[in-house]
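The structure appears right after this line, and notes come after that.
Keep in mind that the numbers below use all heavy atoms, side chains included, and drop hydrogens, waters and symmetry copies. A, B, ... follow the sequence lines: proteins, then strands. Residue 1 opens every chain.
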Amino acid sequence: MNRIKTIRDLKESVQHGGCGECQTAQPCE
Amino acid sequence: MVHQYQLNGYNIVLDTCSGSIHCVDEVAYDIIALYPNMPEEQIVSEILEKFGEKEQITEQDVRECIQDVKALEAAGKLYTEDTFQPLAFDFKAKNTVIKALCLHVAHTCNLNCSYCFASQGKYQGERALMSLEVGKQAIDFLIAHSGSRTNLEVDFFGGEPLMNWDVVKQIVAYAREQEKIHHKNFRFTLTTNGILIDDDVIEFSNREMSNVVLSLDGRKEVHDHLRKNYAGEGSYDSIVPKFQEFVKARGDKSYYIRGTFTHNNTDFTNDIFHMADLGFTELSMEPVVCAPSDPYALTKEDLPVLFEQYEILAKEMLKREKEGRGFTFYHYMLDLTHGPCIYKRISGCGSGTEYMAVTPWGDLYPCHQFVGDEGYRLGDIWEGVTNTEVQNDFKYCNAYARKECADCWAKLYCSGGCAANAYHATGNIRGIYEYGCELFKKRIECAIMLKVAESEEGLS
């Protein structure tokens, strides 16, 4: 029986984040 | 760090540092809480004692669930270690570009709202209108300091910006010329009380403004109690038809109706529902931030009432969504799959660094809520930032700036909170505005619950 259902990986975004193009928890651009 | 809570029949587990969200049954909910600090055999016996007879749970069931928890931990989706703190300071120290300006085109207003943080638009100073010359220099300043950023933002703010409408239109035209030359993309926002909306404002805004923010506090008696003109008359009847016409003409372009609630209307969900019943679907309702001595200030005794209101709001939103008449609420909008990266979630709004406010005469402040406080003047749009001491203070305003936030599950949602609220509540931009924290955490719990419900009920 599956008692846990899991619904963006923040750790992954360390590598690909920080471009700053998003607007001033914003769609990533 | 893991945060667990139960809301609207859902058992929700949030893994703060991976961003993972799990919807679990009661058995898994308890196992996840026990797992970090209890030997496996003891977990098995405790769970069997609690659920064994009632739920017909077997030892094998419990051990399988523990294995699932271990698998999630190994996959980095549960009990994820916080390794982000070094990023907070590296990122801020390197980052010196500006990407957004709030232009105070009018330090004057045609309303006399009691709770106005800007002291009826004058910001504790003289009435003033921004000249086109200052507006153009602000655009030049933004472009010159934007580095490689393509997307730039300009908010037209006040006071009441429509009291300087011709200059607003000329600044937009100038920015459109400059964006072609410099390969930038300007996004404009207009915040208005609605009194001066006419066909020209609607047509121009719907062509040029990425977003419009329309101030309405909800029910007529609530709105008119604090949002009066200088003759003491409420403004509801004159603005609501204009807002309805504006929004109808806007099509699918962004807008939202922004209200403020106070101690006078702690049943603020009724004001939100009133907005929805008027035909508006993009809604925001903010707690007033004012001196505790003000007669409309929210009190500690109001908190449980407000918590309940946020839950009522979330449940009603789900109900209306199912009925095909849904609406959005600013603080319940979460983009779980394509939302902001960790850098954004650490650093927040960027006030004083990426984002600044410009007064009608060209002075720079960290954001619109600091304008008029001379100690926070950063410089001006001709010389740039000269008060680097204050700017450095803002560089370190982030989710890791306060030791009190170290163990807070919500810090990567609030990014350390609003510096202006902290300053006005505690006298320090890195202080803790505890009242705001409590409301914020409740809103995020409701927002995540809505996402879980949408997923579980196939609404997303």
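- Chain A forms more heavy-atom pairs under 4.5 Å with one residue of B:Cys23, B:Gly76, B:Ser20 than with any other, namely B:Cys23.
- More than 12 heavy atoms of other residues, nucleotides or ligands sit less than 6.0 Å from atom NZ of B:Lys442.
- For B:Ser148, the part lying near chain A is the backbone, with the side chain staying farther off; criterion is any non-hydrogen pair under 4.5 Å.
- Annotation: side chain of B:Arg345 is not in contact with side chain of B:Lys411 (no heavy-atom distance under 4.5 Å).
- Note that A:Lys11 lies in the cation-pi zone of B:Phe84, set by a 6.0 Å cut-off to the ring centre and a 45° limit from the axis.
- With a 4.5 Å cut-off on non-hydrogen atoms, B:Leu152 does not touch chain A at all.
- Looking at B:Thr189, there are no atoms closer than 4.5 Å to chain A (heavy atoms on both sides), in backbone or side chain.
- Between B:Tyr35 and B:Tyr79, the angle of the ring planes stays under 30°, which puts this pair in the parallel group of the 30/60° scheme.
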